[in-house]
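Worksheet: one structure, shown below.
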2 protein chains.
Amino acid sequence: MESSGQRRTTIKDVAEAAGVGVATVSRVLSGGSASAGARERVLAAAARLDYHPSALGRNLRRRRTGGVGLLVPDITDSFYARLADGVLSCARSYGEPVTVGVTGDDPERESELIGTLIEQSMDRVIAVPSGDGDVWDPVLRAGVNVVFAGRRADPDVPDVPAVLADDRDGVRTAMEYLTGLGHRKIAFLARRGQSQRVAAFTGALAALGVPVEDDLVVHARASRDSAYAAAAGLLQRHPDVTAVLAGGNILGEAAVLAARELDVRVPRDVSLIMFDDVPWAELCSPPLTVIAQPAQDIGYRSAELVLRQGRRPREVVLPSELVVRASCGPRRPRR
Amino acid sequence: MESSGQRRTTIKDVAEAAGVGVATVSRVLSGGSASAGARERVLAAAARLDYHPSALGRNLRRRRTGGVGLLVPDITDSFYARLADGVLSCARSYGEPVTVGVTGDDPERESELIGTLIEQSMDRVIAVPSGDGDVWDPVLRAGVNVVFAGRRADPDVPDVPAVLADDRDGVRTAMEYLTGLGHRKIAFLARRGQSQRVAAFTGALAALGVPVEDDLVVHARASRDSAYAAAAGLLQRHPDVTAVLAGGNILGEAAVLAARELDVRVPRDVSLIMFDDVPWAELCSPPLTVIAQPAQDIGYRSAELVLRQGRRPREVVLPSELVVRASCGPRRPRR
DNA sequence: AAATATGCTGGAATCGTTTCCATGGAGAGC
DNA sequence: GCTCTCCATGGAAACGATTCCAGCATATTT
């Protein structure tokens, strides 16, 4: 472990070995202009000494850290894991390292992590925003390139591009499907911060002429426990509900478990549609009908937006898709 | 976007505002000794100017990047996602940023990512090693603090501590369970690089007096496609197999899908045990019996090892646990 | 009271790179 | 043949922190 005496080979060593000045070495290595002879000798010396330029020195001089920061609520959630995978995959093709932070959907942790990022002089950040948009003001004023992925900040932050899935369309399709099966009492099991989707839900129902009942929208926090409690509470307190839309895969999982525990059969007693297609949706019993989200694409496109300089569109909307499996059936009154 | 004129407040500004030298400011802010008066004025000035020290300057001087690097094969795989979550959670309590890289279990990508890490002067790395151990030699020689998580490198690298789950014990318990149910023809659906688990598998069977057949160990690459192909191939080519052990959750998922597709009923026709407990194991039909892996703990302990200086044990082994659900039954000859 | 010990203090060096700028030589145009 | 232009070149100045070291004031000891 102790590397006493081991000194990192610097640009100075290369310059000396090649018989040129440090400026020339720097130019050759970063694509500047140099004579053929000099270029050749520098390259040879660099290879011989196994020289790797230090990102530290470069970053300090350039006054910015390379790489991009990524803030997600929960890396354990398949949706965010796939989103992160998309970001990582794009960043890799640019050779940029990615620093990941988990916010737990907690505004306080989020602003704490933002603090770390600006301390690191990260100037490019992709975030699934948790708290209100104000925390982003100092970041933007510091000239950081921010892109929101998957959702917008709640009091919206202008000038920040966002890459989103088409929730509105996904929900509309799902509601048409459910009402087509005869359902009228449809509940939405939402996570806090899904105001976007809640709006799409009530909007879609209203457009279909179905009365919207406010207390059929129940909210849970981000944890599995909270999701289960909300799902069980919903099924118990509202025996007249015949269909449930779960706002994410954690909530869908909770709904399946709660239904099983309470002896509510799917789809006989209640129909279930879940946001986000995950590998296990097909393995579940019954296989779950889902609104598939292009999580990986969202991540990839966000990374592209943040890494590729040039004009940036204010919003990119990617399509959602209803994948019909076996968790929905015709309406039958429960009990 | 343009922050013209906006200059970052530096330690020099604080020194000037507080009427002291930069050295004193640095000492106050990093816990060195200073007089009460000076300390107070520095703190006041720093707060007034909203001064945040630049990690860039600090790191250059210290000749090391703060933070830790994390290399996993696939962040989309629940096991590695939970492992990463453990690392992130521990790192957060130390205030250290984490840079994540995805190797895809590809030695070439792995060594490429290692290159990026040493270029960043990352001096602490947690990795689930993919390639052979040799790629780590230059890293270790550079004085980087490496910890392996989840598995060891294949030609083992000495001096690198590892945090592992007790595969041997988990497999032994699982094999005792299956043989107790009467199974003799037991197959292992493995991912490449699981030599550790394969050894545990053959070892456990031998100890139980069950003949080990080499071609009942089938190998897949890391992708879902490859896993499915391997699972389907196994079930088709070996109709005499009555029990399958899947080496990971992707492989287990593939086994369930393949069995369903081929009309092989679980557990009537074949019993199935999967490595790694995932949330959907319980939702699956039938609920899967699994060897639970403490993925989150593995990550947390690895991070602790790499972040806390002091003597480091060569190996930490965490317990696996057999969770019995409903995917195993008594042996019945298929067909 | 003199000598020594202690401890706070700020200037300056350092980390490894990029980039500005002055210099010098060579080729081109007249 | 002279000047003008152009380009390659290397020295030196940043970037923003930490830390060594010498200086000086104050406390302690004899």
Side-chain angles (χ1 to χ4, degrees), chain A residues 3 5-43 45-46 49-67 116 118-123 142-143, chain B residues 3 6-43 45-46 49-67 95 116 118-123 142-143:
Chain A
S3 57
Q6 280 278 20
R7 207 177 54 80
R8 194 190 172 102
T9 67
T10 76
I11 198 174
K12 219 167 173 177
D13 302 324
V14 177
E16 205 164 326
V20 299
V22 291
T24 302
V25 176
S26 175
R27 270 185 297 249
V28 168
L29 263 33
S30 47
S33 67
S35 71
R39 157 162 289 117
E40 195 179 336
R41 272 180 303 156
V42 167
L43 256 29
L49 298 177
D50 187 35
Y51 169 66
H52 294 270
S54 153
L56 257 40
R58 182 194 355 256
N59 290 342
L60 176 57
R61 178 60 224 246
R62 294 222 181 120
R63 314 176 67 167
R64 38 164 291 218
T65 298
T116 310
I118 66 170
E119 184 172 321
Q120 303 286 324
S121 304
M122 282 269 163
D123 62 345
Chain B
S3 59
Q6 280 277 20
R7 207 177 54 79
R8 193 190 173 104
T9 66
T10 75
I11 198 174
K12 218 166 171 178
D13 302 324
V14 177
E16 205 164 327
V20 298
V22 290
T24 302
V25 176
S26 175
R27 271 184 297 249
V28 168
L29 262 35
S30 46
S33 67
S35 70
R39 155 161 291 118
E40 194 177 336
R41 272 180 303 157
V42 167
L43 257 28
L49 297 177
D50 188 34
Y51 169 67
H52 294 271
S54 154
L56 256 40
R58 187 200 344 263
N59 290 341
L60 178 57
R61 177 60 223 246
R62 293 222 181 119
R63 317 176 66 167
R64 36 166 291 219
T65 299
T116 310
I118 68 169
E119 184 172 321
Q120 304 286 324
S121 305
M122 283 268 163
D123 63 343

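Proteins come first, then strands; the chains are lettered A, B, ... in the order of their sequence lines, and each starts at number 1.
- Between the side chain of A:D13 and the backbone N or O of A:T10 there is at least one donor-acceptor pair closer than 3.5 Å.
- Among the heavy atoms of the strands lying under 4.0 Å from B:G19 are primed sugar atoms or P, OP1, OP2 only; no base atom is included.
- Rounded to the nearest 0.5 Å, atoms CE (B:M122) and OG1 (B:T116) are 10.5 Å apart.
- Of the side-chain N and O atoms in B:R63, one or more sit less than 4.0 angstrom from OP1 or OP2 of C:dG16.
- Residue-level contact check: A:G57 touches the bases, meaning some heavy atom is under 4.0 Å from a base atom.
- Protein atom CG of B:L29 is 16 Å distant from nucleotide atom P of D:dG16, rounded to whole Å.
- For A:S35, the listed nucleotide lying nearest its side chain is D:dT9; candidates were D:dC20, D:dT18, D:dT9.
- When each of D:dT9, C:dT18, C:dG10 is scored by its nearest atom to the side-chain atoms of A:A38, the top-ranked nucleotide is D:dT9.
- Within the 4.0 angstrom heavy-atom criterion, only backbone atoms of the sugar-phosphate kind lie near B:A34; the bases stay farther away.
- If you take CG of A:L60 and P of D:dA17, they are 9 Å apart, rounded to a whole angstrom.
- Phosphate contact (OP1/OP2 of D:dC7, side-chain N/O of A:S33, threshold under 4.0 Å): absent.
- Checking the phosphate oxygens (OP1, OP2) of C:dC15, no side-chain nitrogen or oxygen of A:T10 falls inside 4.0 Å.
- Between the side chain of B:T65 and the backbone N or O of B:Q120, at least one donor-acceptor pair lies under 3.5 Å.
- One interatomic measurement links the two molecules: CD1 of A:I118 to C1' of D:dG16, which rounds to 15 Å at whole-angstrom precision.
- Here A:S26 reaches the OP1 or OP2 of C:dT18: one of its side-chain N or O atoms lies under 4.0 Å away.
- In this entry the distance linking CD1 of A:I11 with P of C:dC15 reads 15 Å, nearest Å.
- Look at CG on B:L56: it is 13 Å from P on D:dC15, rounded to the nearest Å.
- Atom-to-atom distance recorded for A:I118:CD1 and B:H52:NE2 is 5.0 Å, nearest 0.5 angstrom.
- Both B:T24 and A:S54 lie near DNA chain C, and the one whose nearest nucleotide falls closer to the 5' end is B:T24.
- Computed from coordinates, the A:R39 CZ to D:dG10 P distance equals 14 Å when rounded to whole Å.
- Without hydrogens or angle criteria, B:S26 side chain to B:V22 main chain gives no donor-acceptor distance under 3.5 Å.
- For B:R61 against C:dG16, no side-chain N or O and base N or O form a donor-acceptor pair under 3.5 Å.
- A sub-4.0 Å separation between OP1 or OP2 of D:dA17 and a side-chain N or O of B:Y51 is present.
- One finds the CZ atom of B:R8 at 4.5 Å from the OG atom of B:S54 (value rounded to the nearest 0.5 Å).
- Nucleic acid contact for B:A15: none, since no nucleic acid atom lies under 4.0 Å from a heavy atom of the residue.
- The nearest whole Å value for the distance from the CZ atom in A:R27 to the P atom in C:dC20 is 11 Å.
- Regarding A:R58, its CZ atom lies at a distance of 10 Å from the C1' atom of C:dG16, rounded to whole Å.
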